[in-house]
Each structure stands twice: as structure tokens, then as C-alpha cells.
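Accompanying notes for the structure given below.
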Amino acid sequence: MSYSASFRCIAGCHGTYPLDQVIYNCPACGQLLEVHHDLDALRDRSGSAWIKLFDQRWMTRDWPHGSGVWGKKEWVQPMLREENIVSAAEGGTNLFWAERYGKSLGLDDIWIKNCGNSHTGSFKDLGMTVLVSTVKQMIEDGKPIRGIACASTGDTSAALAAYCASAAIPSVVLLPKGKVTTAQLVQPLANGALVCALDTDFDGCMDIVQKLSEEEGIYLANSKNSLRLEGQKTVGMEIVQQFDWQVPDWIIIPGGNLGNVAALGAGFDMMYELGVISKRPRICLAQAEKANPLYRAYKQGWDSFEPITAGATEASAIRIGNPVSVHRAIRTLKAFDGIVEQASESELAEASAAADRAGSYTCPHTGVALAALEKLRARGEVEPGQRVVVISTANGLKFTQFKIRYHEDAIAGVESKHPNRPIELPSDFEAVKKSVFQALDQRAS
Ligand SMILES: *Cc1c(COP(=O)(O)O)cnc(C)c1O
Ligand SMILES: [Zn+2]
């Protein structure tokens, strides 16, 4: 069966471009491109036949179909030859039932999709496997590509560097100096990427990498490039699959450059079009108050969008003031009865800490999404009995300083409500015993 996909303008201009062409914008109007699949060809299987096929492949060791992304290859990148797939068994991340945290809000069906339990510790792996595999095929086919470049708030660069290292393709990453965590900085260094730390913010890095990618031989890996979104759209498919193909009521997702929310919607649209699901979830996009251009536009009824200069936030991966995928995101939110919420530094830190106390280990961006959930619950927009999935975008272990600062009550402008510090004691049994029982009594009271 021959399935196919190509780039098209998101504004609907005529023209299609092959996925192995080096092109990021519509030549007619300059808007972004999106990947368009030949849905009629995909209708050769019924919805239930696709479900059966996807379930057969789910989490097996059958390479490459055991990957959460490549188990759905026909819907993602059908024109890729299997020998070019660069995969680290991404996807298939666990769905954590946040039972105690949910109960603290009076809700019993709250789930955290742990996309950070992945090869490089964030959902960026889902998209990067598709992009790097496609570039590998382009190089095999003789295209003059010398390296793949991205601007990053930390996680895109980690994923790009790892997948490029696997494929022996040079990677170039532009980071805002001093604005990514130590873990995120060392990841691309360890994977041998060419790392440039620029004296600017993410938006400044993005401007420069776009110009760099106009030079011959440099391919752009930011989510402006829709190939990434084709991989990222599998997150919604996985969530539905993990619930035996039932659609949750709400999905809450943190957003910065806003590619991921568009990808989430695209995955649901495709399942809907191809008869796998018969309803759509509502989507809530959550932003940090310090980097909230979409929230502002939403509050004004979507009338106008104004880029801002994003301020410092613990949620550093979404510190973006001029999101590349803003139009795609607005389209998605309109189609999914969507809303936008925001979280202050205090709200995101407390929500993250509350989920941790109930057994998670959440990154600050997940904290932003959890704080949004708490607001929706308080407003009655999320009700008991509704199933809510919060997308956890990165692994908490990448954000050690955020956790330490919270528990040392040292986050600027935040008064930690539940700091937890080590009790320092001499090496003395009686002293330890006394402290332990004192602390247990305190907790029981
Ligand atoms: C990239 C990233 C996001 C934001 O995704 P966008 O597509 O830019 O909206 C959120 N959280 C983490 C941890 C990320 O790395
Ligand atoms: Zn166009």
C-alpha cells in the first residue's frame, strides 16, 4: 500500500512540497508549512483495523515498530525507508495515575503523561526521531546537508544532539547563555554537539538560527519545521491508546513556542478523521505568567496577538515571548474548545511541589500545567468524574536547582509553603531516634 505525505501552506495556498525538500515557509505567503497526509489512502484500513495494528506493535521489541512513534509510521512519515530510521525507542511513556494529588483537589481521575521518561528526558525525542531520520535519508539520497541546527531552551538541543550523534550527523545548537539548566547544557556537550552560548534570550537565538539555516548545508531543527510535529502528534494517540482508545475529557499542556499543542491537536484530528475516535477532548494550554503572550491574546478574544519580551521564570523551557507556532496553536485551541491559563512563579512551584509530595517528580513546566488544573477546578470548569490528562513535558531530574531552591525557600519572589530540608545530626543513635520520632509525631498531628 502506498501512503504519502507532503508539505502544504497552513494558510491554504496552492502547492505541495516533498518532505525531503529543504523548505520551511510557504513561497507564496511566507506562512509556516504543515505536513499533509493522503487520508484517502489511509482509509484503506478501518479505524478498528488501525487500532488492531497499533496494539500489535505497542511496546514490543520489534524494531522500529516498538517505538511509540514508529509503531504509527504510516501516520507519521510514510515515505521514510526503514534503514534510515534513527530511533531510541521513544514514546510509550507511562501514564501516572495522580491519585493522591487528584484527591487533594476533590478529583479522582487525574493522570500525568510522563513524556520526560524518555531517551533525553523530554517529549522533544518524539519529534526529533522523525526529523533526524528524514535528514539521514536526504543525506543518503545525495542532498548537500552538512549539519542540523537549532535554537533551544534546553530540551530541543539535548534531543537533537543525541539523535544526531546516533546517526553520525553533525549538530549545531544555539543556547541563551546562562538560561538553561546545568543538566540541559551538559547533554549536548556530552553528545558532541557544536554548542554556541549566545548572550541573548531564546527569541534572540531563534532569529540567528533562522538566518544560519538559510546558508547552504545547514538544516533547521526547530519546531517551525513541521517534521518535528509529526512525531510529537503521537502523544495524543498514545494517551488514547493507553485508555483502551477512550478519549479523556481534558488535556492540559504547557506551551512556549506552541508547536506541541498544535501537534497534540493534529494527532486527535487524524484519529477523528480516520475513525479511531468519535469525539475530541478539550485542551487547556498553560503558560508561565512571565512568558504569557498567548494568554494575553486569549483574554482579548483572540483579536490580536502581540509578541512580548519574556521574563525570567523557573519554567525556563517555555520562556518564549514570540512563539513561532502561534497561528497553528490558535487554530488548534479554537477547534478543541480550548482555553489558555497562566501560572505565577508561586503557583507553579507550589503545584509542582504538591504533586511531588504525592509521588511524582515534576519539572516546573509540569507545575505550570498542574497550577492551571487547580484553577480550572476552582472555577468549576473541571468537575469530579471528568478524566484529565496533564502532559508532563520533561523529567524533573533536569531541574534539580529548581527543586533545591524550593526546599531551601530560595526562589525569588516565592515563599515556599512546604519546604523539606535534611535534619543534620551527629552520628549518635539516641539523637537520631529522638529526631525521627519527633518528626513522625509532627506529621501525624
Ligand atoms: C519544549 C518544551 C515545552 C514547550 O513546547 P512548545 O512546543 O515550545 O510549546 C514545554 N516544556 C518543556 C519541558 C519543553 O522542553
Ligand atoms: Zn501560503
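Numbering of ligands and ligand atoms starts at 1, following listing order.
- For the side chain to side chain donor-acceptor pair (under 3.5 Å) test with N292, the passing option among K299, Q342, Q287 is Q342; the others fail.
- Considering backbone and side-chain atoms together, Q232 places no N or O closer than 3.5 Å to any N or O of ligand 1.
- Taking distance alone, with nitrogen or oxygen atoms compared against 3.5 Å, L258 approaches ligand 1 more closely than that limit.
- Checked for salt-bridge contact, E34 and K233 miss the test: no charged N lies under 4.0 Å from a carboxylate O.
- In terms of protein heavy-atom proximity, atom 7 (O) of ligand 1 is nearest to N260 N, 2.8 Å.
- In terms of N/O distances under 3.5 Å, ligand 1 is approached by T393.
- A cation-pi contact, defined as under 6.0 Å to the ring centre and within 45° of the axis, links R280 to F336.
- Atom 5 (O) of ligand 1 has its closest protein heavy atom at F123 CZ, 3.5 Å.
- Those atoms of ligand 1 that come under 4.0 Å of a heavy atom in H365, given as number and element, are 11 (N), 13 (C).
- Counting heavy atoms under 4.0 Å from ligand 1, residue I318 touches it through the side chain alone.
- The contact set between ligand 1 and G256, taken as ligand atoms under 4.0 Å from a residue heavy atom, comprises 4 (C), 6 (P), 8 (O), 9 (O).
- Of all atoms in ligand 1, numbered sequentially from 1 with element shown, those under 4.0 Å from a heavy atom of D155 are 12 (C), 13 (C), 14 (C), 15 (O).
- Here is the list of ligand 1 atoms found below 4.0 Å of a heavy atom in N257: 6 (P), 8 (O), 9 (O).
- Taking the six-membered ring where tryptophan is involved, the planes of F54 and W75 are perpendicular, since the angle between them exceeds 60° and thus also 30°.
- Of the residues L264, I253, I252, the one that meets the side-chain contact (heavy atoms from CB on, under 4.5 Å) test with L285 is I253.
- Short contacts between ligand 1 and K124, defined as distances under 4.0 Å to a heavy atom of the residue, involve ligand atoms 1 (C), 2 (C), 3 (C), 14 (C), 15 (O).
- Per-residue contacts place A317 under 4.0 angstrom from the following atoms of ligand 1 (heavy atoms of the residue considered): 12 (C), 13 (C), 14 (C), 15 (O).
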Evaluate the criterion side-chain hydrogen bond (donor to acceptor under 3.5 Å, both in side chains) for residue pair W70 and T129; output intermediate values, then yes/no.
-> CA-CA 9 Å; W70 299 112; T129 182; 2.9 Å; yes
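- Closest heavy-atom contact between I239 and L95: O-CD2, 4.5 Å.
- Any N or O atom pair closer than 3.5 Å counts here, and G259 shares at least one such pair with ligand 1.
- With a 6.0 Å radius and a threshold of 12 heavy atoms from other residues, nucleotides or ligands, H407 has its NE2 atom above the threshold.
- Vertex the Zn ion (ligand 2); arms to C13 atom SG and C29 atom SG; angle 110° (nearest 10°).
- Between Y361 and F399, a ring centre-to-centre spacing not shorter than 6.0 Å is recorded.
- Per-residue contacts place G255 under 4.0 angstrom from the following atoms of ligand 1 (heavy atoms of the residue considered): 9 (O).
- Between W302 and Y298, the ring planes are perpendicular. Angles over 60° get that label, and only those under 30° would be called parallel.
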